[in-house]
Every structure is written in C-alpha cells, then in structure tokens.
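Take a look at the structure below.
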Amino acid sequence: METKILFLLITVLLNTTKIIQARQHKNPSSSSSSFLVLALTKSSVSLPTPISQPQERIKKPLESSLDVVMEPLREVRDGYLITLNIGTPTQAVQVYMDTGSDLTWVPCGNLSFDCIDCYNLKNNNLKSSSIFSPLHSSSSFRASCASSYCAEVHSSDNPFDTCAIAGCSVSMLLKSTCLRPCPSFAYTYGEGGLVSGILTRDILKARTKEVPRFSFGCVLSTYHEPIGIAGFGKGLLSLPSQLGFLEKGFSHCFLPFKFVNNPNISSPLVLGASALSVNLTDSLQFTPMLNAPVYPNSYYIGLESVTIGTDMTLTQVPLTLRQFDSRGNGGMLIDSGTTYTHLPDPFYSQLLTTLQSTITYPRATETESRTGFDLCYKVPCPNNNLTSLENDVSMVFPSITFNFLNNATLLLPQGNTFYAMSAPSDNSVVKCLLFQNMEDGDYGPAGVFGSFQQQNVKVVYDLEKERIGFQVMDCVLEATSHGLNQGS
C-alpha cells in the first residue's frame, strides 16, 4: 500500500510541478536508523497572498554593518542541527546543516505535515522543535510567482515560467503585474529523498542579523526526510546567500561523534569575515574549489592521492576524483549532509586491501554483515577501558592522509577512520572503518567527503577566493573559545 501511495504522490508531483534535482548523498545506512514518525493526518495550510514586488529579479546583497554571524550546531546521530528563528512571534526550528544543497526548508503545519517511510526516532525531543506553523506567524506570506527565488526553486531560466504555471495571462506577464503565488515545488535528494511544499517568506533572526523576507520551503509532505534542512550551497536560496555572506564565506568545526545529543556543548559555525581572518587562515592548508559544470552551486575539491601510514601512498586515484568528464561528472563533493566519506571502485577496494595488509587484528565479519561496513576488527581493550585504548599509541590503526590539489594535505584524526561500534566487553571492542563505496560513481560526483571525516577539523569555505581550507584541531577547545561549552 505504501508503494502505491508513493507512486501516486510522485505521479501527481510530476504532473503539477517541476522536480528539482539537488544532488545530495545521504548516509546509505540511514534508512535503517531510527527516525521520528511524523506521518500525521494531512490538512490544508493557507498563507497570505504575496506582497513582494512582481519585478523582483536581481539578488541584492544584504546591507549591514555587522559582518559576522556565529551559530551553534547541535550534533545528532546523522548530522549537525542548526536552529532557525523564524516568524512573528519567533518559532525556533531545528534543521540539518547541509553544504550539499541550496534550499532551506522546514516541516510545516503541525497535523498537516506528512512524512512517508520515516522511521521512529528514539530521541523524541526533536519533534516539538522541528515543525513550523505559518498560521501562528503574522509575518508569513507566500512568495510571488515573479520572485527570483521562485524561479530558482523551480530551476527556471525563463523569468516568465513560474507565473505562467501559476496561470497569469500574457498581458500580465508583459506588464509584470501578476501577483499570484509561486506554484508548489518538489525537491529531490541524491539518495531518494523527496520533499514537496510552498515557497514561503518570513522574518529570519540570526544572532546578529535579521532577514526580513527570508525565502524558504514550507514543506507539507516528504519521503525519507523527517527533519528540515538548511542549504549552505552557493545558490540564491542558500542560507549564507540570503544572510549576505555568499561573497565572503563560513567555517565550522564539527565535534566528535561522542558528543551526540550532549546539550552542554555545540559545534561552532561562523559566517562572514571572521571566518576568513588572516590570523586564522595562515595556519590552514587550502585546496581550490572546482567549477562543477553540472552542479555549480555545490562545493567540489580534487583528491590527488591517499597515503596509508607514513610511506604507503596509493597512486591509483582515478582522474575523476580531481576533474570532470565531458558530461560534467566527477570531482569530490564536500558535503556535511553525508555522514561517511564515499570513494569509487576500484580505488575503494584498493584502499581496503592496503589497510588489510597492515592490520593484524582479527576481522569482525559478523559486525561487517550487520552494519554494512566493509572492514571491522576485534581490538583488545584491557579492563574494557575505551579511553585508555584511544590514548595507547601502540594500539592505533594506520593513519590515513588525504592529499588534495595544490599540495593541501589532511591527516585524518584517528577517531575519523576506525570507530568503536559499541561499548567494550570481555576486554575487547570492535572498530570499523567508517568509509563506504561510492555507488553510481559514473553519475554526479566521483566521491564524497562526509561529515564524520570532518570531525575535529576546522573547515573554511573561502568563497571570495574560491578555495576550501583544512586544519586539524580540537573542536572542543574551539567551541569553548566561542562560549559554546557549558561544561567547561
């Protein structure tokens, strides 16, 4: 029955809206993760008609004397949540931070939000803080069909497209007098996620900035997407763009996985000039952003080689990981919306073979079958003390170093490669390599640099100079320096 419902939903969307392709790789194992069930009775949500100027077409930078915004990111199982304060009075909505897409959207309407095939989250405290009610905001209204944001969400190069779909006459199009609302949209994600909703405008309040007419998706129905998303891509709809930071940049420092659901500490996210100050960037290693012909709003970098240990360099990195083919496919996508790093075969298999040749611990094949990870080992853990194990240099796994274009190297922290899958027992613990094979590597990016491998790494997106910088650091100390560690 659910398959039939999904088929009907997609059929209706194809007939009434354009499906926008937003290439975003999600954690392939996330479908087995627990999610909050939000499949509730659907009812209609109405918003005031557009009040924006119909001739609005040109993106104007947000003018403000303040050039920085610092926001805390809360770590959960599948990513990092940022809180959006939207509406009048303000409603706080938690959404995923995603550098792999542009659109910011929130679940809308209390009982009207319907999520198909979404799994129950054991941590139910996300429910109350993840839904926006436009009817309870006096400043919410639907975006106009003539808005540049409407054309963007429908991926239209024709400025008359969206108003024509909305039913405006040719005369109204020529005179720019059509004030009909932006048609409903559908937005897809790379691992099959689908959202459908209404482009809405409302007040967004950041810590030091305010966007009076912020454009976002008020989503009523989703498939596999129970929690909203804040797009951090380079497009017009992205959060950095609407905050006025698209010509500057931003940085983040993701806390390690052990801080999941810890309410006392948050990962620092900095937008604006402070993220790019000379004192901070001098110690980073930068690699250029690649200009992606198919997905120009995404962040691509080039991987030249991978070093295992201190002297074993894998030279057979395919060209597709550092350049694009004639169809525009290739490159390495850096994506906070993907949990684990993905590499294409046969290079991925070569990486596994090289690691196996240097590791002498017994394989934990049962854990591999259960989790889907390809390389797991049973490691001695005296007294079941995992902390002592992590500090014992004699028990570490071979290091993994990414060598990017422009001689930028990133030695991944030990906790970003092999990770304990459960608490120790019987003086041992199972650790797995948290990399995965890149399926469908011939389409879109050849590889993805996921958020798990970005933990305890300061990542700087220098949009002015079109480069991305890396520096290994203790993100707990970084959070403390920004006043985000209440337990310090």
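In this chain, residues are counted from 1 in sequence order. Just so you know, these numbers come straight off a predicted model, no measurement behind them.
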Fit a plane to each ring of [X] and [Y], take the angle between them on a 0 to 90° scale, and name the class: parallel (under 30°), tilted (30 to 60°) or perpendicular (over 60°).
X: Tyr300; Y: Phe324; result: perpendicular
X: Phe250; Y: Tyr461; result: parallel
X: Phe254; Y: His252; result: parallel

Restricting to non-hydrogen atoms, name the atom on [X] and the atom on [Y] that form the minimum distance, rounded to 0.1 Å.
X: Gln242; Y: Leu236; answer: CG-O, 3.7 Å
X: Asn85; Y: Ala92; answer: OD1-CB, 3.6 Å
X: Thr104; Y: Gly231; answer: OG1-N, 3.2 Å
X: Gln356; Y: Leu375; answer: CG-CD1, 3.4 Å
X: Leu284; Y: Gly469; answer: CD2-C, 3.6 Å
X: Cys475; Y: Asn456; answer: N-OD1, 2.9 Å

Would a 4.5 Å heavy-atom cut-off, applied to side chains only, mark [X] and [Y] as touching?
X: Cys150; Y: Ser144; result: no
X: Glu210; Y: Leu243; result: no
X: Gln91; Y: Phe132; result: yes
X: Arg322; Y: Val317; result: yes
X: Ser196; Y: Thr222; result: no
X: Thr401; Y: Ile308; result: no

So is Arg467 actually on top of Phe286's ring, under 6.0 Å and inside 45° of the axis?
yes
Is there a donor-acceptor contact under 3.5 Å from the side chain of [X] to the main chain of [Y]?
X: Thr480; Y: Asn485; value: no
X: Gln414; Y: Phe397; value: yes
X: Thr200; Y: Ile198; value: yes
X: Thr320; Y: Ala446; value: no
X: Thr354; Y: Gln350; value: yes
X: His342; Y: Tyr340; value: yes
X: Glu71; Y: Pro268; value: no
X: Asp98; Y: Gly100; value: yes
X: Glu478; Y: Lys458; value: no
X: Gln455; Y: Cys253; value: no

For the residue pair [Y] / [X], report whether a side-chain donor-acceptor contact shorter than 3.5 Å exists.
X: Ser130; Y: Gln94; result: no
X: Ser215; Y: Arg201; result: yes
X: Ser238; Y: Asn297; result: no

Worked verdict on Phe404 versus Phe470 for ring-ring contact (aromatic ring centres under 6.0 Å, His included)
CA-CA 10 Å; Phe404 297 108; Phe470 302 100; 5.3 Å; yes
Show your working on ring-ring contact (aromatic ring centres under 6.0 Å, His included) between Phe232 and Tyr299 and close with a plain yes or no.
CA-CA 10 Å; Phe232 270 70; Tyr299 303 105; 9.1 Å; no
Assess the residue pair Asn437 and Asp345 against the criterion (side chain to side chain contact (heavy atoms under 4.5 Å, CB included)); give the C-alpha distance rounded to whole Å, side-chain angles, the decisive distance to 0.1 Å, and a yes or no.
CA-CA 7 Å; Asn437 182 28; Asp345 262 336; 3.5 Å; yes
Report the C-alpha distance between Val95 and Val93 in whole Å, list the side-chain angles of each, state the deciding distance to 0.1 Å, and finish with yes or no for side chain to side chain contact (heavy atoms under 4.5 Å, CB included).
CA-CA 6 Å; Val95 297; Val93 185; 4.2 Å; yes
Criterion side chain to side chain contact (heavy atoms under 4.5 Å, CB included) on Leu433 and Ile400, from CA distance to verdict
CA-CA 11 Å; Leu433 176 69; Ile400 299 178; 4.1 Å; yes
With side chain to side chain contact (heavy atoms under 4.5 Å, CB included) as the test, pick out the partner of Gln453 among Thr338, Leu412, Val448.
Leu412
Please name the residue in the list Asp202, Thr90, Thr88 that meets the side chain to side chain donor-acceptor pair (under 3.5 Å) test with Ser137.
Asp202
Got a salt bridge between Lys248 and Glu464, using NZ or NE/NH1/NH2 to carboxylate O under 4.0 Å?
no
Using a cut-off of 6.0 Å, state whether more than 12 heavy atoms not belonging to Asn407 lie near its atom CG.
no
Run Tyr96 and Tyr80 through ring-ring contact (aromatic ring centres under 6.0 Å, His included) and show every step you take.
CA-CA 6 Å; Tyr96 285 120; Tyr80 295 83; 9.3 Å; no
Might you work through the side chain to side chain contact (heavy atoms under 4.5 Å, CB included) test for Trp105 and Tyr187, ending with a clear yes or no?
CA-CA 10 Å; Trp105 66 268; Tyr187 201 87; 5.6 Å; no
